[in-house]
Protein chains: 2
Amino acid sequence: MHDHLSQTFAALADPTRRAMLAQLSKGEANVSQIAKPFLKSMSLPAITKHLKVLEKASLITKTKEAQWRPCKINAEPLKDMAQWMEQYRMFWEESFDRLGEYLKTVVPKKNKKRKLAKASRSKE
Amino acid sequence: MHDHLSQTFAALADPTRRAMLAQLSKGEANVSQIAKPFLKSMSLPAITKHLKVLEKASLITKTKEAQWRPCKINAEPLKDMAQWMEQYRMFWEESFDRLGEYLKTVVPKKNKKRKLAKASRSKE
DNA sequence: TTTATATTTAACTTATTGGTTAATTAACCT
DNA sequence: AGGTTAATTAACCAATAAGTTAAATATAAA
């Protein structure tokens with residue numbers, strides 16, 4: 001499983017890892033802090049592994065600080081995911097006929113880098 | 001891996017399956033039609049399996065029609081994904097100070113079921 | 001230099017994933 | 001009935017994932 005998107009999806013396909021990410025969304029934390037809520041249900045090496053999966057998927061960044069390893073969220077890959085998802089938005093938008101109106105509110109009036117929707121329709 | 005969200009993410013963590021979904025986003029298709037682009041690189045049973053993964057994740061619905069099995073996309077699970085992702089939007093939005101303005105354009109003025117952002121902050 | 005804390009690595013196990021080929025089922029068409 | 005097309009199931013295999021315990025490494029502190 002080589003491509004970025006697959007790696008992102010795979011990393012998120014685990015509730016433990018999503019919970020870790022959720023914690024990091026509230027601020028930096030080192031490994032043992034992240035580990036705390038899970039040590040009842042799994043070992044520390046298991047946590048190290050989960051963090052490594054998140055790191056390889058670039059969803060977090062681990063740095064060094066004395067004997068600690070502070071981790072920071074990096075939601076960049078989620079941005080790519082969001083972009084990928086845009087091609088399906090119309091399928092889940094509540095009423096199809098509101099969609100036109102919706103696009104008018106979301107796409108910046110006078111062009112301006114584009115925000116959501118109507119994304120470039122790249123293949124995959 | 002029991003929860004819905006994990007199943008959705010896992011199903012999407014494969015480029016073949018994402019390509020199948022992309023095809024179905026352009027309209028219904030039966031198994032052999034879906035299979036065509038992949039038969040150079042994998043067997044039909046492999047395709048059956050991929051479709052089963054998508055089906056179990058509720059991303060597609062398979063029905064019967066004579067000897068064919070037409071498949072239809074069902075993006076409902078992607079909606080849940082999108083909702084989950086909302087809690088991270090602020091991390092990838094380009095400039096944080098434009099965010100406020102952005103929310104004003106996206107959240108319907110006089111309440112009205114909410115469209116994006118500020119989603120219910122559910123745990124996980 | 002020993003000790004304590006934080007984290008990782010190694011080695012192993014079990015289950016799941018993604019693929020294969022061969023055989024089977026299902027529905028239709030002569 | 002016999003053949004063709006569509007799709008699935010069965011049985012198998014290799015690679016990966018998710019966990020374990022035990023040992024190792026890194027930094028700080030006594």
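Heavy atoms only: backbone and side chains are in, while hydrogens, waters and symmetry mates are out. So you know, we letter chains A, B, ... as the sequences are listed, proteins then strands, and number each from 1.
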Residue list, side-chain hydrogen bond (donor to acceptor under 3.5 Å, both in side chains) with A:Arg17, at least two apart or on another chain
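In terms of side-chain hydrogen bond (donor to acceptor under 3.5 Å, both in side chains), with neighbours along the sequence ignored, A:Arg17 is linked to A:His50.
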Under the side-chain hydrogen bond (donor to acceptor under 3.5 Å, both in side chains) test, which residues partner B:Ser43, sequence neighbours left out?
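Expected list: none.
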Set of residues satisfying side-chain contact (heavy atoms from CB on, under 4.5 Å) with respect to [X], sequence neighbours excluded:
| X | result |
| --- | --- |
| A:Ser58 | A:Asn74, A:Pro77 |
| B:Ala35 | B:Leu39, B:Leu44, B:Ile47 |
| A:Gln67 | none |

Return the value, rounded to whole Å, for the distance between atom CD1 of B:Ile47 and atom C1' of D:dA7.
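Result: 11 Å.
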Mind checking A:Thr48 for me? I need base, sugar-phosphate or nothing, with any heavy atom below 4.0 Å counting as a touch.
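Contact class for A:Thr48: base.
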For B:Lys52, salt bridge (charged side-chain N to carboxylate O under 4.0 Å, His left out) partners two or more places apart:
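Here no residue qualifies.
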Can you list everything that forms a salt bridge (charged side-chain N to carboxylate O under 4.0 Å, His left out) with B:Glu55? Sequence neighbours excluded, please.
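Only B:Lys62 meet the salt bridge (charged side-chain N to carboxylate O under 4.0 Å, His left out) criterion with B:Glu55.
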Can you list, by residue number, the residues of residues 60-70 of chain B that have a non-hydrogen atom closer than 4.0 angstrom to DNA chain C?
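Listed by number, they are B:Ala66, B:Gln67.
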Is A:Ser32 close enough to C:dT5 that one of its side-chain N or O atoms is under 4.0 Å from OP1 or OP2 there?
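For C:dT5, neither OP1 nor OP2 has a side-chain N or O of A:Ser32 closer than 4.0 Å.
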Below 3.5 Å is the cut-off: list the nitrogen or oxygen pairs between protein and nucleotides 19-24 of chain D, distance only.
{"unit_1": "D:dG19", "atom_1": "OP2", "unit_2": "A:His50", "atom_2": "NE2", "d": "2.3"}
{"unit_1": "D:dG19", "atom_1": "N7", "unit_2": "A:Lys49", "atom_2": "NZ", "d": "2.9"}
{"unit_1": "D:dG19", "atom_1": "O6", "unit_2": "A:Lys49", "atom_2": "NZ", "d": "2.2"}
{"unit_1": "D:dT20", "atom_1": "OP1", "unit_2": "A:Ser43", "atom_2": "N", "d": "3.4"}
{"unit_1": "D:dT20", "atom_1": "OP2", "unit_2": "A:Ser43", "atom_2": "N", "d": "2.9"}
{"unit_1": "D:dT20", "atom_1": "OP2", "unit_2": "A:Ser43", "atom_2": "OG", "d": "2.6"}

